[in-house]
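Order of the sequence lines fixes the chain letters, A, B, ..., with proteins taken first and strands second; residue numbering starts at 1 for each chain.
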There are 2 protein chains.
Amino acid sequence: MLIAEPLQRAIDELSKLPSIGKKTAQRLALHLLKSDKDAVESLVDAISALKNDLCFCEVCFNLSVEEKCDICKSPKRDHSVVCVVEEISDVIAIEKTNEYNGAYHVLGGVLNPLSDITPDKLHIGELIKRIESGGINEIILALNPDAEGDATSLYLTKILKEYPVKVSRIARGLPIGGDLEFADPATIGRAFSGRIQL
Amino acid sequence: MLIAEPLQRAIDELSKLPSIGKKTAQRLALHLLKSDKDAVESLVDAISALKNDLCFCEVCFNLSVEEKCDICKSPKRDHSVVCVVEEISDVIAIEKTNEYNGAYHVLGGVLNPLSDITPDKLHIGELIKRIESGGINEIILALNPDAEGDATSLYLTKILKEYPVKVSRIARGLPIGGDLEFADPATIGRAFSGRIQL
């Protein structure tokens, strides 16, 4: 099979990305080949900038271009409320709602003894230090509603009991626009046990 | 919404690629952020090389790193047979079969008067020159079996009648592993009219 080496290399590199198979990688590579030079350069610059221009906020471990991220620096945000999430993508998901105006704390994962992810591998110590340095009234746990997320929430709740902060967890129940008929039993069960009085 | 600017730019650039939406672009960008620097650099290099290291073969318009592509240069290939295809991706698809040992000629598209693609926009003139310079016995038309591909095949057949070359078209019929029950009427019709004696 005689594919020009640079094309084959681009296909191989692109197919290393998640959800991109060999066929899609080939389509992307041939698309880039046909695109004009400026478009390809701005893509390359943007990808390089990801590694070169971004770091993690020293306060909340969100992405940042400076030592402190835009959210931690913003005077408009309520820094007495801290939402604890697993990953940076969760911050993005919550920011998109425009419903939350507090600060964040990115753990960088969840507890998982099988994968050897113990509390010291997550940014839990830094969270405790933030609470100890004062000014925080409420911690909202917004970890994924799965076994590891629940275990991590439970662990954090136990630790945080020693500190004068309110600890809450985001609600579980039927998703908006969801269909009760097609919801799984665990979700319906949680929706019942978490019902609120009207 | 407070997403760090370099991340937002990478998401925007990645989502310009075909079949990549905003959600996938965000996933890819966050994946690249987490990848180590070497992996990101080799991706960036591979994409840049696509534009910098590749050109089109001056004989067949296939991709090449030099003036002539590997297929045109190869002494093992039969240069008396030329397969005419629409795009470079068709060359790759045919090469993957390991069934064809001749040369290629990439037209760079198909005739489409509505999109203002006239014969002079395709590499038809160059094909004629190749035939005129001698050494070619057979032209195999391997254009896509659609209206534009058929129109282009018809156009080429008429032009090539004036030259002492055999002109053939790749067969149409049921695809291997296909199911007669689910094949469309046009394909079944072609399979009948193109039946071969056993």
Contact between Leu32(A) and Leu17(B) at the side-chain level, heavy atoms closer than 4.5 Å - yes or no? yes
Quick check for you: to the nearest 0.5 Å, what is the distance between Lys16(B) atom NZ and Ser35(A) atom OG? 10.0 Å
Other residues, nucleotides, ligands: >12 heavy atoms within 6.0 Å of Lys121(A) NZ: yes
Residue selection (most heavy-atom pairs with chain A, distance under 4.5 Å) from Leu33(B), Asp12(B), Ile88(B), Leu14(B): Leu33(B)
Which bit of Asp45(A) comes within less than 4.5 Å of chain B, counting heavy atoms only: side chain, backbone, both or neither? both
Where do Asp36(B) and Lys51(A) come nearest, in terms of heavy atoms and distance? C-CE, 4.2 Å
Identify the heavy atoms of Ala46(A) and Glu13(B) that sit nearest to each other, and give their distance. CB-CG, 3.7 Å
Scored by heavy-atom pairs under 4.5 Å with chain B, the best of Asn52(A), Val40(A), Leu43(A) is Leu43(A)
Please check if Val82(A) and Leu143(A) belong to a single hydrophobic cluster, counting links between Ile, Leu, Val, Met, Phe, Trp and Tyr side chain heavy atoms closer than 4.5 Å. yes
Answer yes or no: does atom NZ of Lys129(A) have more than 12 heavy-atom neighbours from other residues, nucleotides or ligands under 6.0 Å? no
Interface moiety of Glu41(A) toward chain B, non-hydrogen atoms closer than 4.5 Å: neither
Indicate, with yes or no, if Ile159(B) and Val106(B) share a hydrophobic cluster defined by side-chain heavy-atom contacts under 4.5 Å among Ile, Leu, Val, Met, Phe, Trp and Tyr. no
Where on Ala29(A) is there a heavy atom nearer than 4.5 Å to chain B: the side chain, the backbone, both, or neither? both
Under 4.5 Å from any heavy atom of chain B - which part of Lys23(A): neither
Please flag which part of Leu50(A) lies under 4.5 Å from any non-hydrogen atom of chain B: side chain, backbone, both or neither. both
Ile140(B), Val165(B): one ILVMFWY side-chain cluster at the under-4.5 Å cut-off? no
Residue, of Ile94(B), Leu30(B), Leu54(B), Asp53(B), that accumulates the most heavy atom pairs under 4.5 Å with chain A: Leu54(B)
same_hphob_cluster(Val110(B), Leu154(B)) at 4.5 Å side-chain heavy-atom cutoff: no
With a cut-off of 6.0 Å (strictly less than), are more than 12 heavy atoms of other residues, nucleotides or ligands near CD of Glu67(A)? no
Any idea which of Ala39(A), Ser42(A), Ser19(A) has the most non-hydrogen atom pairs under 4.5 angstrom with chain B? Ser42(A)
Is there a path of hydrophobic side-chain contacts, each under 4.5 Å between heavy atoms of I, L, V, M, F, W or Y residues, that connects Leu111(B) with Leu127(B)? yes
Heavy-atom count around Glu138(A) CD within 6.0 Å, excluding the residue itself: above 12? yes
When only pairs under 4.5 Å are counted, which of Ala49(B), Ser64(B), Pro18(B) shares the most heavy-atom pairs with chain A? Pro18(B)
Could you tell me whether Lys34(B) atom NZ has more than 12 heavy atoms of other residues or ligands within 6.0 Å of it? no
Region of Thr97(A) in contact with chain B, defined by heavy-atom distances below 4.5 Å: neither
Flag the one option from Ile47(B), Ile20(B), Ile11(B) with the top tally of heavy-atom pairs under 4.5 Å to chain A. Ile47(B)
